[in-house]
2 protein chains.
Amino acid sequence: MTALRAFEAAARLGGFAAAATELGVTPGAVTAHVKALEDRLGAALFERTAKGVRLTALGARVLPDFTAAFDALGLAVHHLRAEAAPQVVHIATLPAIAQLWLSPRLPGLRAQMPEVAISITAMEAPPNLKRAPYDLSLFYGDHGQQVARDHIFPVCAPALAARITTAEDLHHLPCLIDSAWSRDWASWAAVALPGQDFTPRGPVFSLYALAVEEAANGAGVLMAHGALVAGHLARGTLMAPLPQRVALPQALRLWSARPLRPGQPAERVARALQAGTGDQIP
Amino acid sequence: MTALRAFEAAARLGGFAAAATELGVTPGAVTAHVKALEDRLGAALFERTAKGVRLTALGARVLPDFTAAFDALGLAVHHLRAEAAPQVVHIATLPAIAQLWLSPRLPGLRAQMPEVAISITAMEAPPNLKRAPYDLSLFYGDHGQQVARDHIFPVCAPALAARITTAEDLHHLPCLIDSAWSRDWASWAAVALPGQDFTPRGPVFSLYALAVEEAANGAGVLMAHGALVAGHLARGTLMAPLPQRVALPQALRLWSARPLRPGQPAERVARALQAGTGDQIP
DNA sequence: CGGCATGGCTTAATTTTTCTGACCCTAGGT
DNA sequence: ACCTAGGGTCAGAAAAATTAAGCCATGCCG
């Protein structure tokens, strides 16, 4: 049973490592499961090459059946959870979005629909909504309904901002770097400092929200996502000393596994988030 | 995942013990899984009563989704096994039938279709063919194609048979009893010894084939299933000293999960078994 | 009406299975 | 020639199943 899940995930995602991530186990476990399955069948499901695995003809023939079956199972789990707690809306999103964009909007949502509970699960990558039982998924991406068109630009504490007048000033200041969005600095520099070789120097953070706090504490200049620092900018705890803003290639988008029926809690939450409820941060 | 299987089986079969049997685990494991599932949901799926469990409204609402999904998964496994080993036919049957009815026919089948391998799995109860990957199921029952109309009657070794002339003689002879078919003696006595209180006395066997061997060794009189002792009767190692034969309420029947396509190995084996191939036991 | 057996679920301690984490190995890309 | 990405392998740790007892209503029988 677990072996079947491992096979299906590995076949669909094209690798044992990716399957292990989706299943929340280590690649070694996937290896063992697939091998056990192949042993019991007496036939190979994957061809092992040095740079990964490739499905055999047999594996490709039976994959659609398994994918369909596990999709049906995922849907059943979703249905079960929805029936068991009809007034709970489960949202999956990035940790940074959860803390910096969603969290400030929650009081407004609660006031607007007090009977609905909102459960937020932070994760690094968008979940497969056919499998994981979330009602809404909020990520930078290409699918779904656009919630915000986001821009990046440098921000820092007011005291530091006073020392910045041109983009060139950044060469000599500590630049806070988020490990997941490390390319943001390069994207912005390509527009604001064309032709120059800009290499940001400064501490690296694995939590974007922590980098934002450090920027507010005056630790350096952060390449901000506009949507995620709106609160700090409004409060004046962060400032944007330079005018150059670069649009992110992917907008902040919200999507759901299935079409939402109007009036359903998940649909009401989705509508409220798209309408910008609570955008006026205190 | 395993918890979902446990819930589905328990809900469909109406009890944790039955679910444990189908899943091949102990009732304790099913209890633990269902409880874990209910804890995570924050809602009860079963009502516990002193004489078993009953589905809650929530459980009943979501059961069909899970049953359908697991059926699809079972079918996918069947498909996978069929694709991986197309020339292997998997048969599920009772241990007694496997040894006493099927086994003597295998040489004939092998001669008739040498390229087909036949795999026999013995089990006490018919499997759920939507879940367990067997091609054919051969049991006493009401479903499927009739293979043999079976009768029960006393048999014993020739030396003992010489001492039996009427049914009443059995009162004073050891009667071999199969634990799974212990009611056979009563069924036969109701016809052969009407109005008399016949209680068979003698050793109890959990393996019918062993009881047959013991009968051939002269250990006593066995209530035989005609189809299962045909070989011994033909060889003369067992004799039927009394003329009374009682038809079993259920015939020996063969069935498959899905309709068999002509020419398919499973279909050819099914046809051969129904045609009585190899009935002439050496 | 009470004692006792019964069927079915639960619980706790033990054993078996599975997963992890750190390593190795191979082949392609730089 | 090195580095990286992806699988494979192994001993030890975590999780699951088993075993065996316990519980609690029901039903049967004296």
Side-chain angles (χ1 to χ4, degrees), chain A residues 1-56 58-60 63 124-125 179-180 182-183 186 199 206, chain B residues 1-41 43-56 58-60 63 70 123-125 131-132 179-180 182-183 197 199:
Chain A
M1 167 60 66
T2 324
L4 298 174
R5 273 187 78 186
F7 158 68
E8 193 275 339
R12 175 165 42 83
L13 301 172
F16 289 7
T21 305
E22 173 167 301
L23 298 176
V25 297
T26 53
V30 175
T31 300
H33 277 141
V34 171
K35 187 136 68 94
L37 188 58
E38 290 178 324
D39 283 354
R40 284 214 300 138
L41 284 174
L45 293 166
F46 293 96
E47 289 168 27
R48 273 75 167 174
T49 69
K51 50 178 296 193
V53 291
R54 192 172 54 249
L55 270 181
T56 60
L58 168 63
L63 174 60
E124 296 302 325
S179 54
S182 54
R183 293 177 316 166
T199 332
S206 64
Chain B
M1 166 61 64
T2 325
L4 298 174
R5 271 187 80 186
F7 158 69
E8 193 275 341
R12 175 165 42 83
L13 301 172
F16 287 8
T21 305
E22 173 167 304
L23 299 175
V25 299
T26 54
V30 175
T31 300
H33 278 141
V34 172
K35 187 136 70 91
L37 189 58
E38 290 178 324
D39 284 355
R40 284 213 301 138
L41 283 174
L45 292 167
F46 292 96
E47 291 168 24
R48 272 73 168 177
T49 69
K51 50 177 298 190
V53 291
R54 191 172 56 249
L55 269 182
T56 59
L58 168 63
L63 174 60
F70 280 116
M123 54 190 63
E124 296 301 326
R131 301 292 169 88
S179 55
S182 55
R183 293 177 316 169
D197 182 25
T199 332

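The sequence lines fix the lettering, A, B, ..., with proteins before strands; numbering per chain opens at 1.
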A:Met1 atom CE is separated from D:dA17 atom P, nearest whole Å, by 12 Å

Determine, stepwise, if the pair A:Arg54 / A:Thr49 fulfils side-chain contact (heavy atoms from CB on, under 4.5 Å). CA-CA 8 Å; A:Arg54 192 172 54 249; A:Thr49 69; 4.1 Å; yes

Can you pull out the residues from residues 7-24 of chain B that lie within a 4.0 Å heavy-atom distance of DNA chain C? B:Gly15, B:Phe16, B:Ala17

What distance do B:Arg131 atom CZ and B:Arg5 atom CZ have between them, rounded to the nearest 0.5 Å? 8.0 Å

Assert: residue with more 5' nearest nucleotide on DNA chain C, out of A:Thr49 and A:Gly28, is A:Gly28

Does any part of the side chain of A:Phe46, heavy atoms only, come nearer than 4.5 Å to the side chain of A:Thr56, both counted from C-beta? no

Across the strands shown, which category fits A:Val30 at heavy-atom distances under 4.0 angstrom: base, sugar-phosphate, nothing? nothing

Let me know the distance between NE2 of A:His33 and P of D:dA16, rounded to the nearest Å. 12 Å

For the pair made of CD in B:Glu38 and C1' in C:dT10, what is the distance, rounded to whole Å? 13 Å

note: B:Arg54, atom CZ; C:dC9, atom C1'; distance rounded to Å ~ 15 Å

The side chain of B:Val25 lies closest to which of these nucleotides: D:dA17, D:dG8, C:dC9? D:dA17

It should be established whether A:Thr26 places a side-chain nitrogen or oxygen under 4.0 Å from OP1 or OP2 of nucleotide C:dC19. no

Take atom CG of B:Leu55 and atom C1' of C:dC9, then tell me their distance rounded to the nearest Å. 16 Å

Value in whole Å for how far the P atom of D:dG7 lies from CD of A:Glu47: 14 Å

Taking atom C1' of D:dG7 as reference, at what distance in whole Å does atom NZ of A:Lys35 sit? 11 Å

Closest non-hydrogen contact found for A:Ala44 with A:Leu58 is O-CD2, 3.9 Å

Check: A:Glu8 and A:Leu63 side chains under 4.5 Å, non-hydrogen atoms: yes

In whole angstroms, how far is the C1' atom of D:dG8 from the CG atom of A:Asp39? 14 Å

Under the 3.5 angstrom rule, does the side chain of A:Glu38 hit a backbone N or O of A:Leu45 as a donor-acceptor pair? yes

Nucleotide nearest B:Arg48 (side chain, heavy atoms from C-beta), chosen from D:dA17, C:dT10, C:dC19: C:dT10

One should read off an interatomic distance between B:Arg48 CZ and B:Phe16 CZ, to the nearest 0.5 angstrom, of 4.5 Å

